[in-house]
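The structure under discussion appears below in the form of structure tokens.
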Number of protein chains: 2
Amino acid sequence: MERLPKRQRHQELSRLIEDNPFLTDRELTRLLKVSIQTIRLDRLELAIPELRERLKVMAERSYDPVRSLPLHEVIGEVVDLQLDKSGISLFEIREEHVFSRSGIARGHHVFAQANSLAVAVINDEIALTASADIRFLRPARLGEKCIAKAYVRSGGSQKGKAKVEVCTYVGDEMVFQGYFVIYRSRAADSMESVGGEEAHENRD
Amino acid sequence: MERLPKRQRHQELSRLIEDNPFLTDRELTRLLKVSIQTIRLDRLELAIPELRERLKVMAERSYDPVRSLPLHEVIGEVVDLQLDKSGISLFEIREEHVFSRSGIARGHHVFAQANSLAVAVINDEIALTASADIRFLRPARLGEKCIAKAYVRSGGSQKGKAKVEVCTYVGDEMVFQGYFVIYRSRAADSMESVGGEEAHENRD
DNA sequence: TTTATATTGATACCTGGTGCCAATTCTAGA
DNA sequence: TCTAGAATTGGCACCAGGTATCAATATAAA
């Protein structure tokens with residue numbers, strides 16, 4: 001590996017630590033072919049904490065039961081949410097989501113993103129999936145970014161059942177389509193006194 | 001807090017570190033009213049590693065992406081599998097699977113168990129969910145053990161599409177029912193030359 | 001060439017330890 | 001009561017993996 005200019009070395013350093021936070025400065029000197037002082041200046045500029053601090057933060061995150069859960073809860077990152085109307089979430093297909101031989105995502109991950117979004121979009125204290133009719137239109141593959149769009153089709157504010165359609169795209173190709181029936185514990189209108197955040201189970 | 005005899009101090013020390021692995025020896029001296037040397041001898045006898053080692057282990061455990069994600073591969077434990085005929089899997093609803101307020105399992109976990117099983121039961125190199133029609137008949141709750149039973153209804157050995165019905169029970173109550181259409185890359189018969197384990201994507 | 005920036009070297013100091021040895025204190029048995 | 005053995009404490013050297021700071025070079029740009 002060549003000696004890189006500062007800018008690229010910084011990028012490389014960030015990347016290296018990102019995908020192996022267990023690297024000591026000394027190991028980094030070998031990887032980047034610069035002195036240990038340079039590594040430390042770089043970390044300083046990039047605000048990358050020392051090894052022990054990184055380990056501590058990771059340990060804390062995994063120890064705190066509240067923070068260790070979100071991975072299992074809402075699948076995908078909700079980027080837009082108009083309660084009882086529509087929502088959008090992003091989900092990148094990673095190594096752990098695919099069949100290793102084919103690189104094709106296991107269906108339940110794609111479903112999980114859509115289901116999470118369908119539940120999130122319903123503005124209610126308790127919202128549960130009652131049923132769903134789903135189609136996997138084409139396989140989603142390793143590295144692809146899935147964009148799920150949900151629209152509330154009916155029952156947007158009454159108690160009982162709401163119908164939500166979710167379409168998931170990779171680029172402009174639709175990979176998944178699902179019609180969800182979501183059970184809600186009460187009508188959306190009655191929520192005005194409660195305050196959306198608090199009343200939203202799917203935010204925890 | 002009193003000075004305890006050695007035996008009880010050891011117990012106390014183990015307990016303290018167990019529920020707060022972030023304690024330094026120095027902090028432990030204050031809690032147990034003994035010198036730091038005693039703390040260290042105790043840790044030695046009890047084979048409790050030093051703080052930094054504890055943090056490192058925690059960080060490693062949480063970091064390993066493969067083992068940390070439950071929504072990763074086959075969800076549930078397959079206890080019976082008759083390829084192209086039927087299968088049974090078990091899945092216990094744990095803290096990380098439920099809405100924290102209600103203790104009700106998020107739908108995609110129940111779906112994931114059923115989907116995993118439906119794919120597993122199809123004896124083919126590549127088996128993908130094409131579509132599904134699912135019903136959540138009653139909520140599955142924290143602590144409940146879900147028993148999913150899958151039956152191949154048609155297409156059990158031809159190339160193309162296989163239909164699999166999966167019913168999930170808690171005790172004798174049915175909580176979930178799904179009809180899955182699974183795409184398979186080739187007919188089951190042609191697999192005899194390959195050997196089940198190797199040819200089975202859904203085992204990885 | 002001069003200047004600014006980047007890199008390296010060197011040293012003192014920090015935390016949270018290990019390892020080892022000696023001194024002291026406690027405690028139970030003869 | 002005396003004493004041996006266990007338990008506790010103190011002290012020191014040393015370690016990894018740093019921080020903080022200052023000075024010396026090296027390199028590139030004006």
Side-chain angles (χ1 to χ4, degrees), chain A residues 1-69 71 95, chain B residues 1-69:
Chain A
M1 185 170 176
E2 284 301 297
R3 284 280 286 259
L4 300 171
K6 192 174 180 179
R7 214 44 181 284
Q8 285 160 50
R9 193 187 56 235
H10 277 192
Q11 283 208 331
E12 188 63 9
L13 179 64
S14 302
R15 197 189 59 76
L16 282 169
I17 290 186
E18 177 117 13
D19 62 51
N20 184 4
F22 298 86
L23 289 170
T24 64
D25 288 356
R26 198 159 301 279
E27 290 168 322
L28 288 164
T29 63
R30 292 206 307 273
L31 295 171
L32 294 173
K33 310 284 186 213
V34 289
S35 73
I36 201 161
Q37 288 83 352
T38 302
I39 296 291
R40 286 170 180 170
L41 279 175
D42 287 355
R43 274 201 300 101
L44 200 66
E45 291 179 50
L46 295 169
I48 297 172
E50 61 168 300
L51 169 64
R52 285 162 175 171
E53 190 57 31
R54 297 196 298 270
L55 297 189
K56 191 178 168 198
V57 167
M58 282 195 284
E60 277 165 349
R61 196 167 37 211
S62 84
Y63 185 70
D64 184 345
V66 178
R67 271 199 251 295
S68 66
L69 291 184
L71 271 179
E95 198 69 47
Chain B
M1 187 173 176
E2 283 301 299
R3 283 283 283 261
L4 300 170
K6 193 175 180 179
R7 213 45 180 283
Q8 285 158 49
R9 192 185 58 233
H10 278 193
Q11 283 208 330
E12 189 64 8
L13 178 64
S14 303
R15 197 188 59 75
L16 282 169
I17 291 187
E18 177 114 17
D19 60 52
N20 184 3
F22 298 85
L23 289 170
T24 64
D25 288 358
R26 198 159 302 278
E27 290 167 322
L28 288 165
T29 64
R30 293 207 307 274
L31 294 170
L32 294 172
K33 309 284 185 210
V34 289
S35 72
I36 202 161
Q37 289 82 352
T38 302
I39 296 290
R40 287 169 180 171
L41 281 175
D42 286 355
R43 273 200 301 101
L44 200 67
E45 290 179 51
L46 295 168
I48 296 172
E50 61 169 298
L51 169 63
R52 286 161 175 173
E53 189 57 32
R54 298 195 299 269
L55 297 189
K56 191 179 168 197
V57 167
M58 283 195 284
E60 277 165 349
R61 198 167 38 209
S62 85
Y63 181 68
D64 191 344
V66 178
R67 286 141 205 66
S68 66
L69 294 180

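Letters go in sequence order (proteins before strands), and every chain restarts at 1. Only a predicted model underlies this, so the values are computations on that prediction, with no experimental measurement involved.
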**Prompt:** Taking only residues two or more places apart in sequence or in another chain, which ones pass side chain to side chain contact (heavy atoms under 4.5 Å, CB included) with B:Arg15?
**Reply:** B:Glu12, B:Asp19
**Message:** Tell me which pairs pass salt bridge (charged side-chain N to carboxylate O under 4.0 Å, His left out) where either residue lies in residues 39-49 of chain B, with sequence neighbours left out.
**Reply:** B:Lys6-B:Glu45, B:Arg9-B:Asp42, B:Asp25-B:Arg40, B:Asp25-B:Arg43
**Prompt:** In terms of the nearest nucleotide of DNA chain D, which residue is placed more toward the 5' end: A:Leu23 or B:Thr38?
**Reply:** B:Thr38
**Message:** Nearest whole Å is fine: how far is C:dT8 P from A:Leu28 CG?
**Reply:** 14 Å
**Residues in side chain to side chain contact (heavy atoms under 4.5 Å, CB included) contact with A:Leu51, at least two apart in sequence or another chain** = A:Thr24, A:Arg54, A:Leu55
**Close side-chain approach of B:Ser14 and B:Leu46, heavy atoms under 4.5 Å** = yes
**Asked** Given atom CD1 of B:Ile17 and atom P of C:dG16, what is their separation to the nearest angstrom?
**Response** 14 Å
**Asked** Who pairs with A:Gln11 by side chain to side chain contact (heavy atoms under 4.5 Å, CB included), at least two apart in sequence or on another chain?
**Response** none
Just the atom pairs and distances: protein N or O near nucleotides 10-13 of chain C's N or O, under 3.5 Å.
none

**Item:** Length of the CZ-P vector between B:Phe22 and C:dG16, whole Å
**Value:** 14 Å
**Request:** Using the ring-ring contact (aromatic ring centres under 6.0 Å, His included) rule, collect all pairs that involve residues 31-53 of chain A, keeping only residues at least two apart or in two chains.
**Result:** none
**Prompt:** Residues two or more places apart in sequence or in another chain: which of them pass side-chain hydrogen bond (donor to acceptor under 3.5 Å, both in side chains) with A:Glu53?
**Reply:** none
**Request:** Take atom CG of B:Leu32 and atom C1' of D:dT9, then tell me their distance rounded to the nearest Å.
**Result:** 15 Å
**Item:** Residue pairs fulfilling ring-ring contact (aromatic ring centres under 6.0 Å, His included) with at least one residue in residues 6-52 of chain A, sequence neighbours excluded
**Value:** A:Phe22-B:Tyr63
**Prompt:** Is the phosphate of D:dT8, meaning OP1 or OP2, less than 4.0 Å from a side-chain N or O of B:Arg9?
**Reply:** yes
**Message:** What is the distance, to the nearest angstrom, from the CD1 atom on B:Ile36 to the C1' atom on D:dG10?
**Reply:** 12 Å
**Nucleotide C:dG16, atom P - distance to CZ of B:Arg40 in whole Å** = 10 Å
**Asked** So do the side chains of B:Leu13 and B:Leu28 get within less than 4.5 Å of each other, counting heavy atoms only?
**Response** yes
**Request:** Please check the phosphate of C:dT7 (OP1 and OP2 only) for any side-chain N or O of A:Ser35 closer than 4.0 Å.
**Result:** no
**Prompt:** Of the candidate nucleotides C:dT7, D:dA7, C:dT18, which contains the atom at the shortest distance from the side chain of B:Lys6?
**Reply:** D:dA7
**Contacting residues from residues 41-57 of chain A, given that a heavy atom lies under 4.0 angstrom of DNA chain C** = A:Leu41, A:Arg52
**Prompt:** Which residue pairs satisfy the ring-ring contact (aromatic ring centres under 6.0 Å, His included) criterion with at least one member in residues 35-55 of chain A, sequence neighbours excluded?
**Reply:** none
**Asked** Taking five pairs at each end of the helix from C:dT1-D:dA30 to C:dA30-D:dT1, what angle separates the two helix axes (nearest 10°)?
**Response** 0°
**Request:** Rounded off to whole Å, could you give me the CG-to-C1' distance for the A:Asp25 and C:dG9 pair?
**Result:** 16 Å
**Asked** So what does A:Arg26 touch, heavy atoms closer than 4.0 Å: a base, only the sugar-phosphate, or nothing?
**Response** nothing
